[in-house]
Number of protein chains: 2
Amino acid sequence: MSRLTSYRDIKKMVLDRIQSGAWPPGALIPRETELAAEFGCARATINRALRELAQAGVLERRRKAGTRVSMTPVRKATLDIPLIRREVEESGATHRHRLLTCEMSVPPAHIAARMGLPLERTALHVQTLHMADSAPYCLEDRWINPKAAPEALSADFAALSANEWLVQNIPISAGEIAFLAENASDADAEILNAAPGAALFVVERLTRIAQEAVTHVRIAYRPGYRMTTGI
Amino acid sequence: MSRLTSYRDIKKMVLDRIQSGAWPPGALIPRETELAAEFGCARATINRALRELAQAGVLERRRKAGTRVSMTPVRKATLDIPLIRREVEESGATHRHRLLTCEMSVPPAHIAARMGLPLERTALHVQTLHMADSAPYCLEDRWINPKAAPEALSADFAALSANEWLVQNIPISAGEIAFLAENASDADAEILNAAPGAALFVVERLTRIAQEAVTHVRIAYRPGYRMTTGI
DNA sequence: AAGTGGTCTAGACCACGTT
DNA sequence: ACGTGGTCTAGACCACTTC
C-alpha cells in the first residue's frame with residue numbers, strides 16, 4: 001500500500017466525520033498530537049490537513065483553545081479571472097477583438113476618483129470589443145494612468161488587446177474587483193448587439209502598483225453570461 | 001531579530017522580485033534548494049512559501065520543469081459567501097426577513113433538471129425577502145429536496161430564515177455557484193421595490209451531499225448591489 | 001502558568017514529467 | 001534516465017490565549 005496517511009487522507013477523514021455528524025458544528029475536535037497518534041502519522045501531517053481545512057472555512061483554530069468545527073461555514077468561492085482571449089477559446093470559439101477607442105481624454109469623475117487622479121487630468125481611454133466567433137462577447141472599457149504605465153501610450157492595442165498587453169507588461173499587483181449588474185445603455189446595447197436595457201453582468205477592476213492606480217477596467221458581458229465555479 | 005526566514009518573509013521577498021520586474025512574467029525562478037541556500041533556511045520553508053504563492057496564482061509549478069512566474073497575474077479572486085444576515089449587519093443595518101412562500105410544489109423544469117429531480121416531483125419551495133433596515137435587500141428563492149433534507153419540512157422558516165436554517169442544519173458540502181445578471185420580472189420588481197426590468201445581480205447555488213442535490217437557491221439582490229473583494 | 005496550535009529544521013523518499 | 005517539486009518524519013522551539 002502506498003502512503004496510508006497522506007494529509008489528503010486526513011482531510012477526507014476529518015470531513016467525513018463532520019459530514020456524518022460525528023463532529024457537529026461547534027464541536028471541539030481532538031488536538032493535533034492525539035490525531036497524529038490515532039492516524040499513526042507525524043503531527044506535521046495532521047497540521048497541514050487541519051490548516052487547509054481551516055483556510056477553507058471548515059474549521060476554526062485558536063492556540064490554546066483548540067480546533068472547532070465552524071458554526072457558520074463561511075463558504076468561499078474562488079473565481080478564476082482568466083484572459084478574455086483564453087476564456088473565449090476555452091468555450092471552443094475563436095477569439096477576435098476590435099479596437100473601438102484609443103485616445104487621451106478626461107475620465108468621468110467617479111472613475112477619476114477611484115483611480116485617485118486629479119480632476120481634468122487626462123488618461124488613456126481604450127475601448128475594445130471582444131468577440132467569440134463573430135458574436136460580441138464582452139465590451140472592455142479601460143482607463144490607463146499614463147504616469148504609472150507610460151509604455152502603454154505607444155502600445156498597439158489593435159494588434160494585442162489592452163487586456164492582454166497589460167497582463168504581459170505590468171507586473172503582478174494588488175487591486176480590488178467588483179461584480180455587479182447594469183442595464184445596457186444604448187451604446188452598450190448597440191455594440192453588444194443586445195436589447196437596450198438588457199441586464200449585463202459587469203466586472204470592474206482597479207489595479208494598483210504600490211498604492212498608485214495603474215488601470216481601471218469595466219468589462220460588460222453579453223446578455224446571458226454566467227460566471228460559474230465550484231464551492 | 002526574531003525569525004529571519006519565516007515562510008512569510010520568503011513570500012514577501014519573492015513577490016518583491018516579481019513586482020520589481022527582476023522576475024518578469026513567464027520567468028523561471030531558481031529551484032527550491034538554491035533559494036534555501038540563498039535565504040539560509042530549510043527547503044521545507046521555501047516550499048511552503050512557493051506553494052502558497054502558486055495557490056494564489058502568482059507562480060506556476062511543475063515537477064522537473066521548475067517554477068515560473070505566472071503569465072496571467074491576476075488570476076484568482078476569492079469571494080466569501082456569508083450568511084445574508086451577517087452581510088446586512090456588517091453594512092451597519094438591521095436585518096429582518098419576511099417569509100413569502102413556504103409550500104410543497106412542482107419546481108420549474110430547469111430547476112428540477114439541475115437538481116436531478118424527476119419531473120412532476122414536488123419539492124419544498126421557500127421564498128424569503130431579506131431586508132436591511134426597512135429596505136428590501138435581496139430575494140431568496142429556494143427549492144429544497146425533501147428526500148435529502150426531510151427535517152426541513154417541519155422547520156419554522158418564519159422564525160429562522162431558510163438561508164440560516166440550512167447553514168446550521170446541513171453539514172458542509174459541495175456544490176456549484178453561478179453569478180449572473182437578470183432583468184427584474186414584474187414580481188421581482190414589486191417585491192424588491194425596483195423598476196420592472198431593472199438589472200439585478202443574481203447568485204444561483206446548488207448544494208449537494210454525496211451527489212444528491214439538497215437545495216437550489218436563487219438570490220436576486222436589489223438594484224445597485226455590488227459584490228466586491230480584493231485581489 | 002500551562003496548553004494548544006504555528007513554524008522551522010534536516011533528512012529522506014517518492015511521483016511525475018521532461019528529456 | 002534524471003531532475004524537480006511533493007510529501008512525510010521526528011524533534012524542537014515559539015507565540016498566543018486562555019486559565
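Being a predicted model, the structure only gives us computed values, none of them experimental. Naming convention: chains lettered A, B, ... in sequence-line order (proteins, then strands); numbering from 1 in each chain. Basis for what follows: all heavy atoms, side chains included, without hydrogens, waters or symmetry-related copies.
- Whole-Å rounding puts the A:Arg8 CZ to C:dA15 P distance at 13 Å.
- Between B:Arg48 and B:Glu52 there is a salt bridge, with a side-chain nitrogen of the basic residue lying less than 4.0 Å from a carboxylate oxygen of the acidic one.
- At least one side-chain nitrogen or oxygen of B:Arg61 sits closer than 4.0 Å to the OP1 or OP2 atom of D:dG6.
- Comparing C:dT9, D:dT4, D:dT9 by their nearest atom to the side chain of A:Ala44 picks out D:dT9.
- Remark: A:Asn47 is in phosphate contact with C:dG6, judged by side-chain N or O atoms under 4.0 Å from OP1 or OP2.
- Counting only heavy atoms from C-beta outward, the side chains of A:Leu83 and A:Glu87 never approach each other to under 4.5 Å.
- Open room surrounds CD on B:Gln55; 12 or fewer heavy atoms of other groups in view lie less than 6.0 Å from it.
- The phosphate of D:dC8 (OP1 or OP2) has no side-chain N or O of A:Tyr7 nearer than 4.0 angstrom.
- Listed for the A:Asp141 side chain is no donor-acceptor partner under 3.5 Å among the backbone atoms of A:Gln127.
- Atoms CZ (B:Arg62) and P (C:dC16) sit 15 Å apart, rounded to a whole Å.
- Computed from coordinates, the B:Leu59 CG to D:dG6 C1' distance equals 16 Å when rounded to whole Å.
- Taking atom NZ on A:Lys11 and atom P on D:dT7, their separation rounds to 10 Å, with Å as the unit.
- Residue A:Arg43 is the one, among A:Arg43 and A:Ala65, whose nearest nucleotide of DNA chain D lies closer to the 5' end (criterion: closest heavy atom).
- Using a 4.0 Å heavy-atom distance criterion, B:Arg48 is classed as a sugar-phosphate-only contact.
- A donor-acceptor contact shorter than 3.5 Å is absent between the side chain of A:Asp133 and the backbone of A:Ala93.
- Atom CD of A:Glu60 and atom C1' of D:dC16 are 17 Å apart (whole Å).
- Screening A:Val202, A:Val203, A:Ile111 for a side-chain contact (heavy atoms from CB on, under 4.5 Å) with A:Arg218, the sole residue that qualifies is A:Val202.
- Residues from residues 29-41 of chain B placing a heavy atom under 4.0 Å of any atom in DNA chain D, listed by number, are B:Arg31, B:Glu32.
- A:Arg68 has its CZ atom 13 Å from the P atom of C:dT4, to the nearest Å.
- Close to D:dG5, at under 4.0 Å from its OP1 or OP2, lies a side-chain N or O of B:Thr67.
- Atoms CD1 (A:Ile46) and C1' (C:dG6) sit 15 Å apart, rounded to a whole Å.
- To the nearest angstrom, P of C:dT19 lies 16 Å from CZ of B:Arg63.
- A:Glu89 and A:Arg86 are not joined by a salt bridge, as no carboxylate oxygen comes within less than 4.0 angstrom of a charged side-chain nitrogen.
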